[in-house]
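None of these values were measured; they are calculated from a predicted model. Just so it is clear: chains get the letters A, B, ... in the order the sequence lines come, proteins before strands, and each one is counted from 1.
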2 protein chains.
Amino acid sequence: MKLTLEEICEKLHQNDYKITPQRQIILKIFLENAEQHLSAEEVYAIVRDINPDVGLATVYRTLDLLAELEILQKVNFGDGKSRYEFSDLEVHHHHHLICVKCGKVTEFDDDQLETLEKNIAQKSNFKIIDHQLKFFGYCSNCQT
Amino acid sequence: MKLTLEEICEKLHQNDYKITPQRQIILKIFLENAEQHLSAEEVYAIVRDINPDVGLATVYRTLDLLAELEILQKVNFGDGKSRYEFSDLEVHHHHHLICVKCGKVTEFDDDQLETLEKNIAQKSNFKIIDHQLKFFGYCSNCQT
DNA sequence: TTTCATGCAAAGGTTTTGCATACGC
DNA sequence: GCGTATGCAAAACCTTTGCATGAAA
């Protein structure tokens, strides 16, 4: 299920954060690019097309805030910058295929990790709250 | 199975890289700290205890080289710096439990991902060469 | 009106690079 | 001796922070 802009604003409200135009712009960007993994700089570029007065620091602060509230999820694909994606709570079991040649990132869903997760929690006395699974390899275009 | 210093030097040799004292020092550090996930800065600190004349850039270049040759593996735990660990080829199925409170990283082994990996390769036409699995949660000390 | 958010510029931290020198082979 | 590796310092990045101003509630 996808959260709407209204529901997210509600969540901000509940946590005593203000609904500023800047925050709304950034939220809309993620709502409209749900399948992407945007970096701060990329978000900044899109933001500036909408309102050139927004500062980069605000983008960083907003991304931090949204990740804190678990609206976005911070991910790292090893390209030196953090990336953010919509944290679709129901599709928690969504992972990444990263092409080591062209860098393309595609996604796949799977819930097979459930049992593994329970196993580990039991064996190691670790209380697991999240997981990340990444596969590295060659995408269909780069296999030649 | 663990690679020995000799076997690694052999691999360097095969790829026309020179065996320098700096490279040997760094290799020894990883051989003697196989269970750790050292950052460049941490490696640098240990290197300087052995030979204070080694430069930080050399550490970075050597880590890059060793990762390129798949002797080390570059990993990222979200603390802003890259970390490196010995890439134990036979224990490819070794993953990380990261405590979100104290930051402690522990490891576990598992090969259940095999079948999942095959599944994905088939479904998505992706040729998988590696994977990374991370679990985030609370370690036994931080569960109170 | 009060408090939090923003913009700007500066600083911080990690990693990379240019270049002259030194060293492995 | 040839060509790569190194050390140093500077630069290149990405990200965070201080502070005065501006705007949300």
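- Residues A:E41 and B:N51 each lie close to DNA chain D; by heavy-atom proximity, the contact nearer the 5' end of the strand is made by B:N51.
- Per the geometry, OH belonging to A:Y17 stands 10 Å off P belonging to C:dC4, to the nearest Å.
- Ranked by how close their nearest DNA chain C nucleotide is to the 5' end, B:L56 and A:P21 are led by A:P21.
- Between the side chain of B:Q143 and the main chain of B:Y138, a donor-acceptor pair closer than 3.5 Å is present.
- Contact annotation: the side chain of A:I128 approaches that of A:I120 to within less than 4.5 Å [non-hydrogen atoms, C-beta and beyond].
- Between B:S39 and A:R23, the one whose closest nucleotide on DNA chain C sits nearer the 5' end is A:R23.
- Between the C1' atom of D:dA5 and the CG atom of B:L27 lies a distance of 15 Å, rounded to the nearest Å.
- A:K81 comes within 4.0 angstrom of the backbone, heavy atoms only, and of no base.
- Taking the C1' atoms of five terminal pairs at each end of the helix from C:dT1-D:dA25 to C:dC25-D:dG1, the two resulting helix axes are inclined by 40°, rounded to 10°.
- No donor-acceptor pair under 3.5 Å is formed between the side chain of A:E41 and the backbone N or O of A:L56.
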Do B:E85 and B:K74 pass the salt bridge (charged side-chain N to carboxylate O under 4.0 Å, His left out) test, and can you show the C-alpha distance, the side-chain angles, and the key distance before you say yes or no? CA-CA 7 Å; B:E85 63 179 28; B:K74 194 174 181 174; over 6 Å; no
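- As rounded to whole Å, 13 Å separates atom P of C:dT15 from atom CG of A:D79.
- Counting heavy-atom neighbours within 6.0 Å of A:Q122 CD, excluding the residue itself, gives a total of 12 or less.
- Note on A:Q22: only backbone sugar-phosphate atoms sit closer than 4.0 angstrom, heavy atoms only; bases stay farther off.
- To the nearest angstrom, P of C:dC4 lies 14 Å from CG of A:L65.
- In the model, B:D130 has a side-chain atom that pairs as donor or acceptor with a side-chain atom of B:Q73 under 3.5 Å.
- Rounded to whole Å, atom P of C:dA5 lies 13 Å from atom CD of A:E68.
- Heavy atoms of B:D53 sit under 4.0 angstrom from primed sugar atoms or phosphate atoms, though from no base atom.
- B:R61 comes within 4.0 angstrom of a nucleotide base, judged by non-hydrogen atoms across all strands.
- Among the atoms of the strands shown, only primed sugar atoms or phosphate atoms (P, OP1, OP2) are found under 4.0 Å from some heavy atom of A:S82.
- Listed candidates were C:dT15, D:dT17, D:dA5. Nearest to the side chain of A:A57 is D:dT17.
- Considering every non-hydrogen atom in both B:K81 and B:S39, the closest pair reads CD-CB, 3.9 Å.
- In this structure, A:L63 places its CG atom 15 Å from P of C:dA5, rounding to the nearest Å.
- Atoms CG (A:L69) and P (C:dA5) sit 11 Å apart, rounded to a whole Å.
- In this structure B:F135 satisfies the ring-ring contact (aromatic ring centres under 6.0 Å, His included) test together with A:H131, B:F108, sequence neighbours excluded.
- Atom CG of A:L12 is separated from atom P of C:dC4 by 15 Å (rounded to the nearest Å).
- Distances shorter than 4.0 Å separate some side-chain N or O of B:T58 from OP1 or OP2 on D:dG7.
- Taking only side-chain nitrogens and oxygens, A:T20 comes nearer than 4.0 Å to OP1 or OP2 of C:dT6.
- Comparing atom distances between the A:Y60 side chain and each of D:dT16, C:dC4, D:dA9 picks out D:dT16 as nearest.
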